[in-house]
Amino acid sequence: MKAKKSILFLVFIFLVQLATAQFTEKDYNKYFENAKKEYFTGNYLDAFEQFDMIKEHFAQSEAQKTELSEWKEKCRIKIRQDQEARNLALEEAEKAKIQAQEALLQLQKAREKEAIANEAMLLNLKEKEKSLALLNKALKLANKMQTKMETAVFDKVTREIAKRKNIYNEYGRLNYLEIDSLNLSYTEIVRLPIEVSKCKNLLSINLIGTEIIDWDDAFSKLKELKNLSEIKISVSTLDSIPKEYWNALTGIKITKSIDNKELKEVFELTKLNYLDLSNCKIENLPEAISNLTLLKYLDLSYNKIEVLPESFANLVNLKTLNLSNNLISRLPMYFSMLAELTHLDISENKLVELPNNFENLSKLFRLNLEKNRIQNLPENFGNFQELRFLNISKNQISTIPNSLSQLNSLSHLNLSNNKISELFLEFARLPKLSNLDLSYNHFVHFPEILSFLPSLTYLDISNNQINSFSNELRIFNKLLVLYIDDFTFAQFPKANLKYENLLVVKLQTSSIEHLNSSILKLKKATNLSSLLIHGKFFSDVSKEFLNLKGLTIFELSDSTITELPEILYKMKQLKTLKLNACKNLNFSKTIELLNANFALENLYLENNNMEVLPTEIVQQQSLLTLYLEGNKLETLPQEIINLNNLVYLVLKNNPINTEEREKIALLLPKIQIQY
């Protein structure tokens, strides 16, 4: 999901730049040089998207368009080459894995043969020698194949480091002495690669998410690295590693439930600065947690904790704390002693209020209070001068304190799913607030104070019951992204919205009349590139839809239509199409029509209950990404190998078993697949 968000975020950033651009030769050259810079620094996918955007919106002449097309082709070649390079190591690892499995199968057969012979007392000395020789051969082969896989993983990780830091020597070879940090987290290694010893100046190594089985071997290799001071590992239980190595650990993630005895042992590891005990079925925290005074990162999410012990206040160096998905109903007064906290997540608990001295956490940068039972915020809430991201959604808040206007650094504020019906005048004093979510509240009058926010670029005010507007409403000069109900947008005063700035609009539909009225207004949004329509009303969309000539991204979600209106197929410029939760669509027919009218680069078909992916999809040769999350697919058609340009495929939340995943991996060896 992270890659999906990254791609959308890149598009969004570029769109923000595009909205404020003046269409001059100077700007064309500036963005062209920026795109070339991304190309020559190896960021080919970013470069591709930038060249595409420049061609779409800045190119003035055919020569410029031709040149941009050539650069796009160069990027496409480089993307493919990069993809092939990244997957080469994984191919080797997969081969090694298969060979290792074959070796282990030989080993099993050898053992079975030996057991049968021994039981029957028919095995003579010579046969025993042959059996032992076969056994040793199988063990050596399995060891060799495992070593190959570990080397492949190490090479992949170090190549990525070298690409990022450009640490090649004069002969073009990777300079291992320049590597000071090695992240092998969440890889398939079960032993520490022997090549780690090449990194003589290594300061930190991250093995979180791995399944190392021989910690004696691992630590014997790590002991050779004299400068190594940071070691982070994952284990099912602390006893999985010899006790003599415990004190060398600075970071640990426990992957299974933990009892009180082992919890106390963990709390004796005084060098820890990173501790992840998420989903460990913890109900009570021992007072011994006070020993971890060096701790900077602590994850206690998805447990059953109701109360934080008083000794918790001793974690004075803590910067990141995740207490989400617990049973905490109140934060003690001593919680405010965690004065170094910058990231705090207490979402999905049972909090009714915050302590009065909560303001002492003045260094908070990100605060998540989502999905609690909070009714009121403290009056002194404005003390968080470093706070940039605040999420108070899904609570029971009806009134926002005036002190909120003192959050001078706040850029992202989520107040959705509360009971708010109005905003105080001082709300306009938030100088840096750029992203605001007020959806699913109780507004009936559009809060005119929003038009006074000087930096607002993203506003979600959908799913309210707004039916009136104030005469004091100002012009939204910087608004780029607007999520709104269609009946509200249809009434929105034309003079108060700078339509030419809008890049992304999402309409929550209530009727086809309101939708068509909204689309008529959007005719003025000459730079609109993304339109998202949620709701069942779209089949009778107005011909005014064709006036959205700059549209390159279109989403239709939560619709009950059985077929797309013909008018959509006339939007030839579309590059990204999202048809999510449109469960009544005939996808075979739909994809046939898409093939006949579009050369899409990104296609989303999520949450549609599809049991079979239509083979017609292979005709979309221009596809770079395909999102199929949340369907009922058990496999993919063989023909999918013909999607020659595909680089990213999402299959999360589909009933695809391990055997089918292996088949898909063989079908698409060069594609990044997310399950």
Side-chain angles (χ1 to χ4, degrees), residues 185 204 206 208 229-234 238 246-254 258 262-280 282-349 351 354-370 372 378 380-381 383-391 409:
S185 61
S204 67
N206 188 348
I208 298 290
S229 57
E230 293 274 337
I231 304 175
K232 293 183 174 68
I233 67 169
S234 284
L238 194 57
W246 287 9
N247 288 330
L249 300 175
T250 57
I252 190 168
K253 173 181 172 64
I254 303 294
I258 188 170
E262 188 176 1
L263 200 54
K264 289 179 180 178
E265 290 177 334
V266 171
F267 291 166
E268 293 299 322
L269 306 180
T270 56
K271 291 184 180 180
L272 289 182
N273 58 47
Y274 177 103
L275 179 58
D276 186 344
L277 295 173
S278 58
N279 205 18
C280 284
I282 299 170
E283 296 183 4
N284 298 295
L285 290 172
E287 293 286 343
I289 196 173
S290 62
N291 296 329
L292 305 181
T293 55
L294 299 180
L295 209 59
K296 293 183 179 180
Y297 179 100
L298 176 59
D299 190 344
L300 293 169
S301 60
Y302 293 93
N303 283 294
K304 300 179 181 179
I305 300 169
E306 296 184 17
V307 178
L308 299 176
E310 189 170 349
S311 59
F312 205 82
N314 287 359
L315 308 181
V316 292
N317 288 306
L318 205 58
K319 291 186 178 295
T320 299
L321 174 60
N322 189 346
L323 293 170
S324 63
N325 290 274
N326 276 284
L327 304 172
I328 301 170
S329 58
R330 61 179 295 272
L331 294 177
M333 295 294 287
Y334 49 78
F335 189 83
S336 64
M337 296 178 68
L338 306 178
E340 295 299 313
L341 274 181
T342 59
H343 293 69
L344 175 59
D345 189 344
I346 328 176
S347 60
E348 300 200 44
N349 276 279
L351 290 177
L354 299 174
N356 288 331
N357 63 351
F358 193 73
E359 64 174 88
N360 293 341
L361 304 179
S362 57
K363 293 184 179 180
L364 279 178
F365 179 86
R366 185 184 293 269
L367 174 60
N368 189 355
L369 299 168
E370 180 183 7
N372 278 281
N380 52 17
F381 203 77
N383 195 46
F384 306 112
Q385 291 302 299
E386 303 297 323
L387 193 64
R388 302 283 182 86
F389 301 88
L390 175 58
N391 187 349
S409 298

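Because the structure is a prediction, the values reported are computed rather than measured. The residues of the chain are indexed from 1 along the displayed sequence.
In this structure, CG on Leu369 lies 6.5 Å from CG on Leu390, to the nearest 0.5 angstrom. With rounding to the nearest 0.5 angstrom, the OG atom of Ser311 is 9.5 Å from the CG atom of Leu292. Expressed to the nearest 0.5 Å, how far NZ of Lys271 lies from CH2 of Trp246 amounts to 15.0 Å. Ile233 CD1 to Ser185 OG: the interatomic distance, rounded to the nearest 0.5 Å, is 13.5 Å. Remark: Asn284 CG to Ile282 CD1 distance equals 10.0 Å, nearest 0.5 Å. Atom CG of Leu321 is separated from atom CG of Leu315 by 8.5 Å, given to the nearest 0.5 angstrom.
What you find for Leu323 and Asn349 is that their closest heavy atoms are O-ND2, 3.0 Å. The two residues Phe384 and Ser362 make their nearest non-hydrogen contact at CD2-CA, 4.2 Å. Between Pro332 and Pro355, the shortest heavy-atom distance links the atoms O-CG, 4.3 Å. Here the shortest heavy-atom pairing between Tyr334 and Leu308 reads OH-O, 2.6 Å. Of all non-hydrogen atoms in Leu300 and Asn303, the two that sit nearest each other are O-ND2, 2.9 Å. Summarising the geometry of Cys280 relative to Ile254, their closest heavy-atom pair is SG-O, 3.5 Å, with the distance given to 0.1 Å.
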Quick one: do Phe358 and Leu367 satisfy side-chain contact (heavy atoms from CB on, under 4.5 Å)? Show the steps, please. CA-CA 12 Å; Phe358 193 73; Leu367 174 60; 3.9 Å; yes

Please step through side-chain contact (heavy atoms from CB on, under 4.5 Å) for the pair Ser234 and Ile208, ending with a clear verdict. CA-CA 5 Å; Ser234 284; Ile208 298 290; 3.4 Å; yes

Might you work through the side-chain contact (heavy atoms from CB on, under 4.5 Å) test for Lys232 and Ser204, ending with a clear yes or no? CA-CA 8 Å; Lys232 293 183 174 68; Ser204 67; 5.9 Å; no

Show the numbers, then the answer: is there a side-chain contact (heavy atoms from CB on, under 4.5 Å) between Leu263 and Leu277? CA-CA 9 Å; Leu263 200 54; Leu277 295 173; 3.7 Å; yes

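Remark: the backbone N or O of Leu387 is not paired with any side-chain donor or acceptor of Ser409 at under 3.5 angstrom. Counting only distance, with no hydrogens or angles, the side chain of Asn372 and the backbone of Ile346 share a donor-acceptor pair below 3.5 Å. A donor-acceptor contact shorter than 3.5 Å links the side chain of Asn357 to the backbone of Met333. A donor-acceptor contact shorter than 3.5 Å is absent between the side chain of Asn391 and the backbone of Glu370. For Asn291 (side chain) and Phe267 (main-chain N/O), a donor-acceptor pair under 3.5 Å exists by modelled atom type. Judged purely by atom type and a 3.5 angstrom limit, Glu262 uses its side chain to pair as donor or acceptor with the backbone of Leu238. A donor-acceptor pair under 3.5 Å links the side-chain atoms of Asn317 to the main chain of Thr293, judged by distance alone.
Lys253 NZ: more than 12 foreign heavy atoms inside a 6.0 Å radius.
Of the residues Leu294, Asn273, Leu275, the one that meets the side chain to side chain contact (heavy atoms under 4.5 Å, CB included) test with Thr250 is Asn273.
Remark: Glu340 pairs with Lys319, Lys363 by the side-chain contact (heavy atoms from CB on, under 4.5 Å) rule, at least two apart or across chains.
Using bins of under 30°, 30° to 60° and over 60° for the plane-to-plane angle, the ring pair Phe365/His343 lands in the tilted bin.
Put simply, the side chain of Ile328 reaches to within 4.5 Å of the side chain of Leu351, judged on heavy atoms. In this structure, the side chains of Asp345 and Ser301 stay at 4.5 Å or more apart for every pair of heavy atoms. The shortest side-chain heavy-atom distance between Asn206 and Tyr274 does not fall under the 4.5 Å cut-off.
Among residue pairs with one or both ends in residues 282-291, none qualify as salt bridge (charged side-chain N to carboxylate O under 4.0 Å, His left out); sequence neighbours excluded.
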